[in-house]
Amino acid sequence: MVNEVKETVNREYKDRLFKFIFGKDTEQSKQWRLQLYNALNGTKITDADELEINTIENVLFISMHNDVSFIVDTEMNLYEEQSSWNPNMPLRGGFYFSILYQKFLTKNKMTILSSQKIMIPRPRFFVFYHGKKTEPETLKLKLSDSFLGKPRDAEDFEWTATVLNLQPDEEVPLNKNCTPLYHYTKFISMITANIVAGMDRQKAVESAVDEAIKENLLDDFFRINKAEVIGMCMTEFDEELAINTWRQDGRTEKAIEDAQNFLKEGDSPEKVSRCIGLPLEKVLELQKGLLVEA
């Protein structure tokens with residue numbers, strides 16, 4: 001019965017918690033989004049409607065999410081939440097912004113075939129990271145670091161993702177200036193702490209929600225949206241597990257391929273096991289398979 005309830009919750013709540021808090025068209029979400037924008041930029045905008053939401057819906061890839069995007073004056077802002085470290089965020093940001101700019105041109109009845117120069121909002125890309133990898137409080141990832149070949153004196157093209165390493169510390173300047181972000185980060189840290197303590201994922205999420213309600217995080221948000229929050233968090237954790245499994249499978253396949261190549265070159269199973277990191281039993285099995293093929 002518990003599994004049936006969990007599966008139903010996961011099917012219903014495919015949104016992400018970060019987007020549910022900061023990316024909705026409700027008055028509460030608008031105010032939180034405005035507070036986050038002001039905290040990041042040192043601005044004092046008071047009208048939340050100045051942030052024109054344009055989030056991309058129904059992105060096709062499981063590992064790609066457009067959490068919150070909006071236009072403010074001359075800026076195109078994209079906010080992404082990440083729990084798994086990903087050095088490819090500048091490239092992903094480029095994909096997102098190409099869609100956002102297409103939407104912008106269509107909405108404003110512009111065409112790139114025009115003889116007049118088209119002026120577009122300046123891109124600003126922030127990644128809110130709360131995973132296990134230890135990084136500086138703020139880190140800039142550049143697309144040029146992924147270019148093949150030797151770097152030139154000055155790159156002709158650049159795309160940057162500003163990664164903010166979220167910490168559940170009330171004294172962090174960004175948290176001090178944006179209480180909703182601090183409460184969100186604190187809640188996620190509760191789930192992580194529960195899992196580290198040995199709880200299964202569902203219990204870890206449910207316990208964290210109960211604690212968030214007790215502490216009145218996000219002004220009663222967790223009490224009002226308890227079922228939705230549990231469903232979204234369980235979906236996110238299941239998705240992260242799937243992605244990590246795919247990555248691990250990929251590493252294992254590469255290790256097997258390398259081991260087979262070394263065995264073909266005549267290296268001993270013991271040496272292959274030591275160098276590649278595969279169990280000796282697995283290497284011996286691979287060697288046997290190669291002998292049968294021969």
Minimum heavy-atom distance [X]-[Y], with the two atoms named:
X: I53; Y: V68; value: CD1-CG1, 4.0 Å
X: S29; Y: K24; value: OG-N, 2.9 Å
X: Y101; Y: P121; value: OH-O, 2.6 Å
X: E215; Y: K186; value: OE1-NZ, 2.7 Å
X: H130; Y: L166; value: CB-CB, 4.2 Å
X: N216; Y: D220; value: OD1-N, 2.9 Å

Donor-acceptor contact present, side-chain [X] to main-chain [Y], <3.5 Å:
X: R16; Y: E81; result: yes
X: N194; Y: A204; result: yes
X: D200; Y: K203; result: yes
X: H183; Y: L218; result: yes
X: R33; Y: D25; result: no

Could you check whether the rings of [X] and [Y] sit parallel, tilted or perpendicular, using 30° and 60° as the cut-offs?
X: F128; Y: F18; answer: tilted
X: Y184; Y: F22; answer: perpendicular
X: Y79; Y: F70; answer: perpendicular
X: W159; Y: F157; answer: parallel

Answer whether the closest heavy-atom distance between the side chains of [X] and [Y] falls below 4.5 Å.
X: Q167; Y: T185; answer: no
X: T162; Y: T138; answer: yes
X: F187; Y: F221; answer: no
X: S69; Y: Y96; answer: no
X: E80; Y: F125; answer: yes
X: N38; Y: K44; answer: no
X: L40; Y: L174; answer: yes
X: L17; Y: C233; answer: yes

Distance in Å, [X] [atom1] paired with [Y] [atom2], rounded so as to fall on 0.5 Å steps:
X: I230; Y: N225; atom1: CD1; atom2: CG; value: 11.0 Å
X: M232; Y: I21; atom1: CE; atom2: CD1; value: 7.5 Å
X: D169; Y: N175; atom1: CG; atom2: CG; value: 7.0 Å
X: N54; Y: K103; atom1: CG; atom2: NZ; value: 5.5 Å
X: N88; Y: F95; atom1: CG; atom2: CZ; value: 9.5 Å
X: K109; Y: L105; atom1: NZ; atom2: CG; value: 14.0 Å

Cluster link [X] to [Y], ILVMFWY, side chain under 4.5 Å:
X: V127; Y: L141; result: yes
X: M199; Y: I195; result: no
X: F20; Y: I224; result: no
X: V196; Y: M190; result: no
X: L36; Y: Y182; result: no

K142/D145 salt bridge by N-O under 4.0 Å criterion: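 No.
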salt_bridge(K30, E27) N-O dist < 4.0 Å: yes
Test side-chain hydrogen bond (donor to acceptor under 3.5 Å, both in side chains) applied to E75 and Y37, step by step: CA-CA 12 Å; E75 294 179 353; Y37 177 83; 2.9 Å; yes
Trace of the side chain to side chain contact (heavy atoms under 4.5 Å, CB included) decision for E50 with L34: CA-CA 9 Å; E50 287 190 33; L34 175 63; over 6 Å; no
Those residues that, when tested against Q28, pass side-chain hydrogen bond (donor to acceptor under 3.5 Å, both in side chains) (two or more places apart): none
Which residues share a side-chain hydrogen bond (donor to acceptor under 3.5 Å, both in side chains) with S268, sequence neighbours left out: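 So S268 forms no side-chain hydrogen bond (donor to acceptor under 3.5 Å, both in side chains) with any residue.
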From CA spacing to verdict: side chain to side chain contact (heavy atoms under 4.5 Å, CB included), T74, R122: CA-CA 6 Å; T74 59; R122 186 179 303 276; 5.6 Å; no
Audit row: I120, M76, side chain to side chain contact (heavy atoms under 4.5 Å, CB included) steps and yes/no: CA-CA 9 Å; I120 59 176; M76 180 89 75; over 6 Å; no
Stepwise side chain to side chain contact (heavy atoms under 4.5 Å, CB included) check, Q202 with V205: CA-CA 5 Å; Q202 175 128 5; V205 171; 6.0 Å; no
